[in-house]
Amino acid sequence: TSRPVLFSGMQPSSESLHLGNYIGALLNWVSMQRDFTAFYCVVDLHSITVAQDPQQLRANTRQTAAQYIAAGIDPSECTLFIQSHVPAHAELAWVLSSITGFGEASRMTQFKDKSARYGTDATSVGLFTYPVLMAADILLYGTEKVPVGEDQRQHLELTRDLASRFNSRLGQTFVIPEAHIPKASAKIYDLQTPEAKMSKSAVSPAGLVNIMDSDAVTAKKIRSAVTDTEREIHFDPENKAGISNLLSIYSSLTDTAVPTLEEQYAGRGYGDLKKDLADVVVGTLGPIRDRALELLEDPAELDRLLDIGAEKATAVAERTLETVYDRVGF
Ligand code: ADP
Ligand code: NA
């Protein structure tokens with residue numbers, strides 16, 4: 001098959017993914033696994049660039065992988081694996097760090113922002129070289145396409161520069177990856193503060209819908225969503241942020257255009273919309289949570305799936321690393 005190679009990684013940063021992650025990222029990943037030779041990696045090496053509790057990190061890594069599989073990431077359609085299971089990531093990162101200029105790395109704005117906020121002694125060297133590890137993640141698999149948001153553009157540019165530099169100094173080795181702009185997906189906002197993006201670092205837990213929440217908790221969060229004092233169900237993010245967010249969620253999960261929903265709810269109350277949406281969200285996330293729980297209660301099965309991923313990833317990564325080591329003179 002000639003499906004282009006796509007690489008994407010996600011940090012295991014909490015016990016549960018949220019509705020924003022599901023609509024904004026997971027749904028795309030599931031559809032992309034059909035059109036691409038997709039590598040999806042839980043990037044635990046990246047996580048330790050800031051202090052982690054080891055037990056929590058281990059649990060979050062498994063929980064994240066389980067939720068991905070439960071949401072439709074199919075280990076037989078793509079390669080789903082844990083970064084630390086494939087040593088070639090750290091090995092290639094070392095080689096690439098040796099062709100990265102110190103000044104070049106110092107210009108990465110994400111690191112500059114973080115070290116300015118927390119101070120250079122509270123910021124690890126790992127965080128500084130994070131973009132080089134990301135370059136290794138991508139380049140090991142002959143990646144052609146990388147879905148990137150604005151915040152990762154500069155890192156992808158560095159990846160491209162390092163790949164070209166290595167190729168021109170030591171011989172053609174790496175594919176030069178390009179940004180993949182996935183088809184537009186809705187941005188989901190906090191249910192209690194609909195001006196802010198839904199995020200795991202939400203101020204109020206009531207504003208954040210988690211995949212692992214119980215049906216009752218999810219339904220309650222939707223029914224308690226902040227709206228406005230008008231009565232019209234109308235999409236207007238400027239003036240009706242809460243209602244517009246509910247309509248976006250509804251539209252994304254049911255594949256119904258927002259104007260169709262507006263027609264459907266003309267003359268009806270906010271309570272009706274919330275009640276129906278609670279059913280939609282519970283109907284979508286409930287089965288994902290249950291499947292994730294099943295996987296977590298069957299560690300051998302989850303290990304089996306992750307071992308398959310590690311094996312498939314290792315086969316490709318080791319081949320690239322062998323060429324790299326040869327070119328370098330090892
Ligand atoms: P968080 O903001 O909770 O820390 P991450 O930054 O870890 O989430 O995001 C992981 C993925 O989920 C990214 O691809 C991001 O674009 C997507 N995502 C996160 N929050 C939202 C949201 N509120 N709406 C849409 N997509 C989101
Ligand atoms: Na974030």
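This structure is a prediction, so every number in the text was calculated from the model and none was measured. Counting starts at 1 for both ligands and their atoms, following the listed order.
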task: Before signing off on this row, confirm whether S13 and ligand 1 have an N or O atom pair separated by under 3.5 Å.
output: no
- request: Give the numbers and elements of all ligand 1 atoms closer than 4.0 Å to a heavy atom of A25.
  value: 11 (C), 12 (O), 14 (O)
- prompt: Hey, what's the ring geometry for Y68 with W29, parallel, tilted or perpendicular (30° and 60° as the breaks)?
  reply: tilted
query: Can A186 be said to touch ligand 1, with heavy atoms closer than 4.0 Å?
result: yes
message: Between K240 and D236, does any NZ, NE, NH1 or NH2 come within less than 4.0 Å of an OD or OE carboxylate oxygen?
response: no
task: Give yes if a backbone or side-chain nitrogen or oxygen of K197 is under 3.5 Å from a nitrogen or oxygen of ligand 1, and no if not.
output: yes
query: Looking at ligand 1, does any of its N/O atoms fall within less than 3.5 Å of an N/O of K200?
result: yes
task: Kindly confirm or rule out an N or O of I188 lying under 3.5 angstrom from an N or O of ligand 1.
output: yes
query: Heavy-atom count around Q172 CD within 6.0 Å, excluding the residue itself: above 12?
result: yes
message: Take a 6.0 Å sphere around CD1 of I176 and say whether it holds more than 12 heavy atoms from other residues, nucleotides or ligands.
response: yes
- prompt: Under 4.0 Å from ligand 1, counting heavy atoms only, is it the side chain of S201, its backbone, both or neither?
  reply: neither
message: Taking distance alone, with N or O pairs closer than 3.5 Å, would you say K187 contacts ligand 1?
response: no
- prompt: Do the ring planes of H89 and Y141 sit parallel (below 30°), tilted (30 to 60°) or perpendicular (above 60°)?
  reply: tilted
Any N or O of M198 closer than 3.5 Å to N or O of ligand 1: yes
- request: For H85, check ring-ring contact (aromatic ring centres under 6.0 Å, His included) against everything at least two apart and list the hits.
  value: none
field: Qualifying side-chain hydrogen bond (donor to acceptor under 3.5 Å, both in side chains) pairs with a residue from residues 295-310, counting only residues at least two apart or across chains
entry: R62-D303, E301-R304
message: Looking at ligand 1, is there an atom of it that comes within less than 4.0 Å of some heavy atom belonging to I23?
response: no
query: Heavy-atom count around F102 CZ within 6.0 Å, excluding the residue itself: above 12?
result: no
field: Which segment of Q11 sits under 4.0 Å of ligand 1 when only heavy atoms are counted
entry: neither
